[in-house]
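Read the structure below first, then the notes.
Values in this document were obtained by computation on a predicted structure and should not be read as measured data.
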Amino acid sequence: MWWPTGGPSGPRASPTRAAARRSSPRTTPGFAGFVHAIFDEDGRWGSLVDNLHVTQHRRRTGLGTALLSHAAAAIAERARGNAMYLWVLEQNTAAQEFYRALGGTCVEEALVSPPGGVASRLAGSPAKLRFTWPHASLLASTSGRHGIPIIRRSTP
């Protein structure tokens with residue numbers, strides 16, 4: 001279920017999160033992963049998938065695909081534009097392969113900004129890559145839920 005916050009900018013501008021929890025005899029109960037998307041964040045690239053995380057014990061189970069698909073469905077349904085993008089660290093080659101397998105295209109490389117703008121919080125000069133999907137609705141149709149309960153909510 002989606003709970004739009006409305007807020008001063010209306011529900012279209014609200015960041016949205018989906019979290020997944022799973023408990024079964026084969027896995028540790030509790031938190032398994034989350035995705036956070038910001039609708040219409042960039043005029044050229046569309047909505048930003050700001051965070052996508054899956055716990056180590058849940059990788060390669062379809063959860064990442066399910067979470068990204070849910071974010072894409074929300075973007076296709078509620079954002080003004082249908083495009084979406086995300087940034088991934090250049091050294092995270094496993095994530096890059098995952099995004100390419102889901103139809104993402106790497107279109108840009110940039111330097112990572114230091115956390116809070118404080119240069120001493122960043123070791124070296126790491127790079128990040130922008131992956132894009134021009135049509136989030138196509139990615140939304142690749143849902144790989146595998147019976148995983150998804151908790152969807154908008155944030156204030």
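Residue pairs meeting the salt bridge (Lys or Arg N to Asp or Glu O under 4.0 Å) criterion with at least one partner in residues 95-123, sequence neighbours excluded, are Glu108-Arg130.
Residues passing the side chain to side chain contact (heavy atoms under 4.5 Å, CB included) test with Leu111 are Ser125, sequence neighbours excluded.
Looking at Arg80 and Phe39, their side chains never come closer than 4.5 Å, going by heavy atoms from C-beta outward. Using a 4.5 Å heavy-atom threshold, the side chains of Leu129 and Gln96 count as touching. Residues Tyr99 and Leu68 have side chains in contact (heavy-atom distance under 4.5 Å, counting atoms from C-beta outward).
Of the possible polar contacts, none joining the Glu90 side chain to the Pro126 backbone as a donor-acceptor pair under 3.5 Å is found. Proximity of a side-chain donor or acceptor of Thr55 to a complementary backbone N or O of Ala32 within less than 3.5 Å is detected. For the pair Trp87 (side chain) and Val112 (backbone), a donor-acceptor distance under 3.5 Å is absent.
Note on Leu122 and Leu89: same hydrophobic cluster, where clusters join Ile, Leu, Val, Met, Phe, Trp and Tyr whose side-chain heavy atoms are under 4.5 Å apart, directly or indirectly.
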Audit row: Thr132, Arg44, side-chain contact (heavy atoms from CB on, under 4.5 Å) steps and yes/no: CA-CA 11 Å; Thr132 64; Arg44 178 176 180 190; over 6 Å; no
Using distance only, find each side-chain donor-acceptor pair of residues 46-53 under 3.5 Å and give its atom names and separation, not counting sequence neighbours.
unit_1 : atom_1 : unit_2 : atom_2 : d
Ser47  : OG     : Asp40  : N      : 2.8
Asp50  : OD2    : His36  : ND1    : 3.4
Asn51  : OD1    : His53  : NE2    : 3.2

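For the pairing with Val118, the side chain to side chain contact (heavy atoms under 4.5 Å, CB included) check across Pro114, Ser120, Pro115 returns one residue only, Ser120.
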